[in-house]
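Input: a single structure, listed below in structure tokens.
Per chain, numbering begins at 1; letters A, B, ... match sequence-line order.
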Amino acid sequence: MIPISEQMDLLRAGTLEIIKEAELEEKLARAGKEGRPLVVKQGFDPSAPDLHLGHAIGLRKLRQFQDLGHRVVVIIGDYTGMVGDPSERSDTRPRLTHEQVLANAATYNEQLRKIVDPDPAKLEVVMNGAWFSRMSFADVMDLAGKYTVARILERDDFTARFKGELPISIHELFYPLMQGYDSVEIRADVELGATEQKFNCLVAREIQKAYGVEPEVVMLLPVLEGTDGVKRMSKSTGNYIGISEAPREIYGKTMSVPDEIIARYFELAACVSDEEAAEVRRELADPAVNPRDLKRRLARAIVALYYSEDEARGAEEEFDRIFAKGGLPDEIPEPEVVLAGQGDLSSVWIVAVVKGAGLAASNGEARRLIQQGGLRVDGEVVRDVDYALSLEEPRLIQAGKRRFVRIVPANVRLEG
RNA sequence: GGGGAGGUUCCCGAGUGGUCAAAGGGAACAGACUGUAAAUCUGUCGGCGAAGCCUUCGGAGGUUCGAAUCCUCCCCUCCCCA
């Protein structure tokens with residue numbers, strides 16, 4: 001058994017705040033004495049089926065708890081997902097249907113296993129519909145009676161929306177209460193969350209007390225910025241790097257991160273040691289060091305974390321080939337191409353080809369791409385929007401710097 | 001229930017009878033450059049084989065040669081009063 005003080009050091013590493021440390025210490029001690037593992041909770045919003053590097057921070061902390069012998073309960077918020085977390089939102093979220101939520105939640109399970117220990121004794125994944133779907137209206141009123149409007153409105157984003165005269169639907173006020181009730185149901189000892197979850201987690205403590213359950217310890221973790229370097233990483237913003245993405249995608253997306261957050265990514269996304277992080281900061285400050293090279297190292301480290309050193313090197317080689325040397329990727333998709341209003345394969349209008357291959361959403365977009373010099377056919381730039389192309393032979397089409405498509409006659413369908 | 005302010009293209013937001021497919025910013029896409037899918041700069045950014053035409057400014061009608069802009073009704077949001 002590891003001494004409590006060491007457990008605390010381990011768990012404290014990388015967390016921004018623990019509410020309250022003394023309670024955690026107490027819980028750890030009791031768990032050790034009674035041989036009863038702690039229940040560690042983290043909730044996920046099922047609106048986005050891809051787990052990304054931001055989620056990974058919390059998942060790794062969950063893993064630490066598991067390795068110390070504790071039990072992790074991951075809550076897929078299928079019911080809360082129908083509300084949508086109002087955190088950091090300036091507007092009402094679009095409501096998902098229950099079917100959408102279920103479909104999204106299904107993919108979480110598999111992805112979780114990339115980081116968290118899947119041993120059923122140490123991991124439980126539940127959807128909060130398990131209890132919310134069974135609550136009667138009287139139960140809901142009971143829950144609603146445990147908290148006050150003023151306390152809910154203390155929350156920044158509600159206040160901001162309220163002051164900004166923006167709509168807040170009644171059901172959104174329930175979000176923190178529901179999240180809190182999850183903690184009641186599973187008897188959570190600890191809840192992990194990114195800093196923006198502080199309010200929700202603190203409400204959970206109150207709700208637990210109101211239901212006569214010992215309040216959970218709240219551990220707040222840093223929020224990772226997305227690939228734009230500013231907004232927090234999230235699927236809906238489109239600035240995320242998914243942990244299940246292909247190595248080349250993870251590598252490439254990492255390379256697109258602004259230089260300013262390289263060090264932060266080393267710490268939070270590549271989770272290097274403190275010494276290494278310090279070394280990176282030194283190098284970043286050194287004008288002789290090209291930040292690009294640090295970013296390459298970062299990208300390799302992140303890929304290696306989810307795949308392997310080999311795959312990381314492979315992704316790097318491919319990246320260099322495409323961007324530094326203008327070469328080709330390892331795999332080039334061969335999509336179905338539907339051509340409308342074209343006579344035969346020997347002479348096909350280039351605009352129709354680009355659109356048909358899915359490289360542009362409309363003829364206008366395809367035309368623009370061509371006019372701007374962004375289109376290559378078999379390596380040659382084509383700028384003529386009236387260009388006629390024979391598709392009787394396979395063709396390599398490149399749109400911009402990184403979208404490649406091979407058109408083979410067998411995949412071409414003429415329509416109209 | 002009464003009074004007031006609003007709903008504009010992916011997002012924010014200007015526009016109050018023609019010069020509006022609609023300013024500006026963001027996002028996105030392309031090009032240049034480079035140290036990289038960073039930064040910066042430039043261009044594009046509703047649809048149509050591009051000519052002119054078609055569809056768009058909460059919805060439905062109406063006025064007008066002409067409507068995002070004016071009128072009527074409806075839907076939705078916010079504020080104040082009750």
Side-chain angles (χ1 to χ4, degrees), chain A residues 89-94 158-170 172 225-231 234 236-241 245-265 283-284 286-300 302-303 315-327 329 339-343 347-356 358-376 381-389 397-404 416:
Chain A
R89 291 285 291 197
S90 54
D91 53 359
T92 305
R93 292 200 170 199
F158 280 145
T159 309
R161 278 162 69 180
F162 200 66
K163 286 195 178 140
E165 305 185 350
L166 295 165
I168 302 171
S169 297
I170 303 286
E172 292 182 81
E225 292 80 5
T227 52
D228 57 348
V230 180
K231 293 191 199 126
S234 85
S236 48
T237 317
N239 61 353
Y240 75 107
I241 303 176
E245 290 193 79
R248 75 167 74 88
E249 289 299 318
I250 295 180
Y251 189 95
K253 284 186 178 183
T254 305
M255 289 302 282
S256 78
V257 151
D259 294 351
E260 298 79 67
I261 57 167
I262 291 176
R264 205 163 154 76
Y265 264 55
E283 290 186 46
L284 276 169
D286 181 350
V289 175
N290 184 338
R292 184 200 55 174
D293 296 326
L294 282 170
K295 210 147 78 175
R296 288 162 64 92
R297 202 203 301 170
L298 171 67
R300 275 201 311 272
I302 295 175
V303 174
E316 180 159 278
E317 279 164 25
E318 182 169 333
F319 183 87
D320 288 346
R321 193 161 3 106
I322 296 173
F323 295 104
K325 301 181 188 118
L339 301 174
Q342 299 298 307
S347 175
V348 183
W349 184 36
I350 188 68
V351 169
V353 174
V354 172
K355 184 184 164 197
L359 296 170
S362 66
N363 282 6
E365 206 175 286
R367 196 182 290 268
R368 255 174 256 137
L369 180 74
I370 294 163
Q371 283 167 344
Q372 290 178 139
L375 186 82
R376 284 166 187 268
V381 175
V382 172
R383 275 180 180 274
D384 178 8
V385 292
D386 294 320
Y387 190 81
L389 181 67
I397 311 283
Q398 179 180 358
K401 288 190 175 65
R402 61 199 181 96
R403 285 143 72 215
F404 297 86

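With P as the reference atom, B/rG59 and B/rA68 are 12 Å apart, rounded to whole Å. A distance of about 28 Å separates the C1' atoms of B/rC48 and B/rA60, rounded to the whole Å. With P as the reference atom, B/rC20 and B/rU64 are 25 Å apart, rounded to whole Å. Rounded to a whole angstrom, the distance from the P atom of B/rC29 to that of B/rU34 is 22 Å. Taking atom C1' in both B/rC57 and B/rG46, the straight-line distance is 12 Å, to the nearest Å. Rounded to the nearest Å, the gap between the P atom of B/rA30 and that of B/rC80 is 48 Å. Comparing B/rG4 with B/rU8, their P atoms are spaced 22 Å from each other, to the whole Å. When the C1' atom is used for both B/rG17 and B/rG2, the distance is 33 Å, rounded to whole Å.
Nearest nucleotide to the side chain of A/Asn363, out of B/rC48, B/rA38, B/rU77: B/rC48. Between B/rA37, B/rU77, B/rC45, one nucleotide has an atom nearer to the side chain of A/Ser256 than all others, and that is B/rA37. When each of B/rG35, B/rC29, B/rA37 is scored by its nearest atom to the side-chain atoms of A/Asn290, the top-ranked nucleotide is B/rG35. The listed nucleotides are B/rA37, B/rG49, B/rG35; the one nearest the side chain of A/Phe319 is B/rA37. The nucleotide whose nearest atom lies closest to any side-chain atom of A/Ser362 is, among B/rA30, B/rA38, B/rC48, B/rC48. Minimum atom distance to the side chain of A/Lys401 is reached by B/rA32, of the listed B/rC29, B/rC79, B/rA32. The side chain of A/Lys355 lies closest to B/rC48 when the candidates are B/rC48, B/rA30, B/rA37.
Counting non-hydrogen atoms under 4.0 angstrom, A/Arg367 reaches a base of the nucleic acid. If you check every strand for non-hydrogen atoms under 4.0 Å, A/Gly373 touches sugar and phosphate atoms only. Within 4.0 Å (heavy atoms only), A/Arg403 reaches sugar-phosphate atoms of the nucleic acid but no base atom. Contacts of A/Gly400 with the nucleic acid, taken as non-hydrogen atoms under 4.0 Å apart, involve only primed sugar atoms and P, OP1 or OP2.
Going from atom CD1 of A/Ile350 over to atom P of B/rA50 covers 17 Å, rounded to whole Å. Protein atom CZ of A/Arg402 is 10 Å distant from nucleotide atom C1' of B/rC29, rounded to whole Å. Atoms CD (A/Gln371) and C1' (B/rA30) sit 11 Å apart, rounded to a whole Å. Spacing between atom CG of A/Asn239 and atom C1' of B/rC11 amounts to 14 Å, rounded to whole angstrom units. One atom, CD1 of A/Ile250, and another, P of B/rA37, lie 19 Å apart when rounded to the nearest Å. One atom, CD of A/Glu260, and another, P of B/rA38, lie 12 Å apart when rounded to the nearest Å. Between the C1' atom of B/rG35 and the CG atom of A/Leu284 lies a distance of 13 Å, rounded to the nearest Å. A/Ile261 places its CD1 atom 11 Å from the P atom of B/rA39, with the value rounded to the nearest Å.
Under 3.5 Å, the side chain of A/Glu365 and the base of B/rG46 form no donor-acceptor pair of N or O atoms. Side-chain atoms of A/Gln372 come within donor-acceptor range of the base of B/rG43, with a qualifying N/O pair under 3.5 Å.
Residue side chain A/Phe323 fails the stacking definition with respect to B/rA37, as its ring centre and the base's six-membered ring centre are not both under 5.5 angstrom apart and under 30 degrees in plane angle.
Across all strands shown, B/rA5 is found opposite B/rU77 as a Watson-Crick or G-U wobble partner, with both distances under 3.5 Å. Pair assignment for B/rC41: B/rG31, on the basis of Watson-Crick or G-U wobble contacts that are both within less than 3.5 Å. Nucleotide B/rG52: paired with B/rC48 (Watson-Crick or G-U wobble, both distances less than 3.5 Å). Across all strands shown, B/rG26 is found opposite B/rC10 as a Watson-Crick or G-U wobble partner, with both distances under 3.5 Å.
Every side-chain hydrogen bond (donor to acceptor under 3.5 Å, both in side chains) that A/Asp320 has, sequence neighbours left out, goes to A/Arg296.
When atom types are taken as modelled, the side chain of A/Arg403 and the backbone of A/Leu359 share a donor-acceptor pair closer than 3.5 angstrom. The closest donor-acceptor contact from the side chain of A/Glu249 to the backbone of A/Ala246 lies at 3.5 Å or more, if one exists at all. In terms of modelled atom types and a separation under 3.5 Å, the side chain of A/Lys295 and the main chain of A/Ile262 share no donor-acceptor contact.
An OP1 or OP2 oxygen of B/rG46 is reached within less than 4.0 angstrom by no side-chain nitrogen or oxygen of A/Arg368.
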Task: A/Arg297 vs A/Glu283, side-chain contact (heavy atoms from CB on, under 4.5 Å): CA-CA, chis, key distance, verdict - done: CA-CA 12 Å; A/Arg297 202 203 301 170; A/Glu283 290 186 46; 3.0 Å; yes

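At least one side-chain heavy atom of A/Gln371 sits under 4.5 Å from a side-chain heavy atom of A/Val385. Side-chain contact check for A/Arg248 versus A/Phe319: every heavy-atom pair is 4.5 Å or farther apart.
For the pair A/Ala352 and A/Leu339, the tightest heavy-atom approach, listed with the atom from each and the gap, is O-CD2, 3.5 Å.
Between A/Gly252 and A/Lys231, it is A/Lys231 whose nearest contact on RNA chain B lies nearer the 5' terminus. When each of A/Asp386 and A/Ile262 is assigned the nucleotide of RNA chain B with its nearest heavy atom, A/Ile262 is the one assigned upstream, toward the 5' end.
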